[in-house]
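Shown next, in structure tokens, is the structure this report addresses.
Predicted model only: the values in this text are computed from it and were never measured. Reminder, nothing fancy here: chain letters follow the sequence lines and each chain counts from 1.
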There are 2 protein chains.
Amino acid sequence: MLTIGELARATGVKVPTIRYYEKLGLIAEPTRSEGNQRRYAGPARQRLSFIRHARDLGLSLDAIRELLHLSENPDMPCAEAHVIAGAHLAATRARIAQLQRLEAELARITSACDTGTIGDCHVIHALADHSLCDGEH
Amino acid sequence: MLTIGELARATGVKVPTIRYYEKLGLIAEPTRSEGNQRRYAGPARQRLSFIRHARDLGLSLDAIRELLHLSENPDMPCAEAHVIAGAHLAATRARIAQLQRLEAELARITSACDTGTIGDCHVIHALADHSLCDGEH
DNA sequence: CCTAAATGCTCTAGTCACTATAGGTTCAAG
DNA sequence: CTTGAACCTATAGTGACTAGAGCATTTAGG
């Protein structure tokens, strides 16, 4: 049986976050020691690792909740899991594309300025006047 | 003089967001009509456009607050503005790189699965077992 | 001039995924 | 038996808004 601190070290999820996940119902309430401290068995660790990994990949807790639910029913078709993962992949790609547009604009704005005074600073002027921009954002 | 709704349409910032910015002190409290409604003059519009544009580029309200402060002092050196913009550019690039790693992993996970049942779904297995992954994340 | 619709007002609470703090209790080592 | 690390609960804070309730004002049409 693991204490919450040991579980935290084993999974890379911080102690307050574990308690937070418990309150949200993502993980089951564990058994307790005589002195009311949490004691975890192996399955809790696997479930928490699953959550951690999915969070690392950027999935929302809502999406993770659904995936956990699916993983408890091995006989169900996995199409729904694909929908969730695919939607997240699409969202990630869209976010990358958007950030790349911002990156280009930021690079353009910062490069076109001699380090003088604010009065003729291109960074400030470009922010004040959208029409100095290249693309949309 | 613009009403708050007209200002919102002119700048693309929503009405509650304008009031929110006012509460944060990012924009000045405007004059009021006899019936206590906000009435804005031209400078408020320019300031709000500046904020909007900087937000679109992903800058934090704290960074924007500093940039606004700088823009009020045209004689100051603009080095500090460059530091802020440069830090944001670096953060944006780091975020893009991280998202690209996630994208690669997600694409790998989702592509390697025939649409069968959850029991042998690669999406679920890959989330449960980090060692099936390619890189770090 | 009157009315009705649109817009405005303040205030509070909710979102997401935690993180921090306060003030107390339990556990394991020495 | 004592000490100090780790644990407990509960509440509030983060960033940048967004939603809703319950009113007041403004403006255009009749």
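- Taking both residues in full, the closest heavy atoms of B/Arg52 and B/Gly12 are given as NH1-O, 2.8 Å, listed atom of the first, atom of the second, then distance.
- Residues passing the side-chain contact (heavy atoms from CB on, under 4.5 Å) test with B/Ala44 are B/Tyr40, sequence neighbours excluded.
- In terms of the side-chain hydrogen bond (donor to acceptor under 3.5 Å, both in side chains) criterion, B/Asp62 has no residue partners (sequence neighbours excluded).
- When rounded to the nearest whole Å, the span between CG of B/Leu24 and P of D/dT14 equals 11 Å.
- Residue pairs that meet the side-chain hydrogen bond (donor to acceptor under 3.5 Å, both in side chains) test with at least one member in residues 14-36 of chain A, sequence neighbours left out, are A/Glu22-A/Arg38.
- Between the A/Arg65 side chain and the A/Leu24 main chain, a donor and an acceptor come within less than 3.5 Å of each other.
- Checking side-chain atoms of A/Glu6 against main-chain N and O of A/Thr3 turns up a donor-acceptor pair under 3.5 Å.
- Position along DNA chain C of the nearest nucleotide to B/Tyr40 versus A/Glu34 favours B/Tyr40 as the more 5'-ward residue.
- Separation of atoms CG (A/Leu67) and CD1 (B/Ile118) is listed at 8.0 Å; rounding is to 0.5 Å.
- The structure places CD1 of B/Ile51 at 5.0 Å from CG of B/Leu26, a figure rounded to the nearest 0.5 Å.
- In this structure, B/Arg55 places its CZ atom where more than 12 heavy-atom neighbours from other residues, nucleotides or ligands lie under 6.0 Å away.
- Side-chain heavy atoms closer than 4.5 Å link hydrophobic residues (I, L, V, M, F, W, Y) into clusters, and following such links, even through other members, never connects B/Leu132 to B/Leu102.
- Residues satisfying the side-chain contact (heavy atoms from CB on, under 4.5 Å) criterion with A/His53, sequence neighbours excluded, are A/Leu57, B/His130, B/Cys133, B/His137.
- Scanning both residues, A/Val15 and A/Gly5, for their nearest heavy atoms gives CG2-CA, 4.0 Å.
- The terminal axes of the helix from C/dC1-D/dG30 to C/dG30-D/dC1, fitted over 5 pairs per end, subtend an angle of 10° to the nearest 10°.
- Partners of A/His125 according to the ring-ring contact (aromatic ring centres under 6.0 Å, His included) rule, which considers only residues two or more places apart in sequence or in another chain, do not exist here.
- Proximity of residues 25-33 of chain A to DNA chain D (heavy atom under 4.0 angstrom from any strand atom) is restricted to A/Arg32.
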Identify the pairs formed between an N or O of the protein and an N or O of nucleotides 3-7 of chain D at a distance under 3.5 Å, and give each distance.
residue	atom	partner	partner atom	Å
D/dC7	OP1	A/Thr3	OG1	3.0
D/dC7	OP1	A/Gly5	N	2.7

Side-chain donor-acceptor pairs of residues 71-78 of chain B under 3.5 Å, sequence neighbours excluded:
residue	atom	partner	partner atom	Å
B/Ser71	OG	B/Leu68	O	2.8
B/Glu72	OE2	B/Arg47	NH1	2.8
B/Glu72	OE2	B/Arg47	NH2	3.4

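- Within residues 86-97 of chain B, no residue is approached by DNA chain D to less than 4.0 Å at the level of any non-hydrogen atom.
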* Asked: What string of B, S and - do you get for nucleotides 11-23 of chain C 5' to 3' if you count protein non-hydrogen atoms under 4.0 Å?
  -> ------BBS----

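- Identified under the side-chain hydrogen bond (donor to acceptor under 3.5 Å, both in side chains) test for residues 95-113 of chain B, with sequence neighbours left out: A/Arg93-B/Glu103, B/Arg95-B/Gln98, B/Glu105-B/Arg108.
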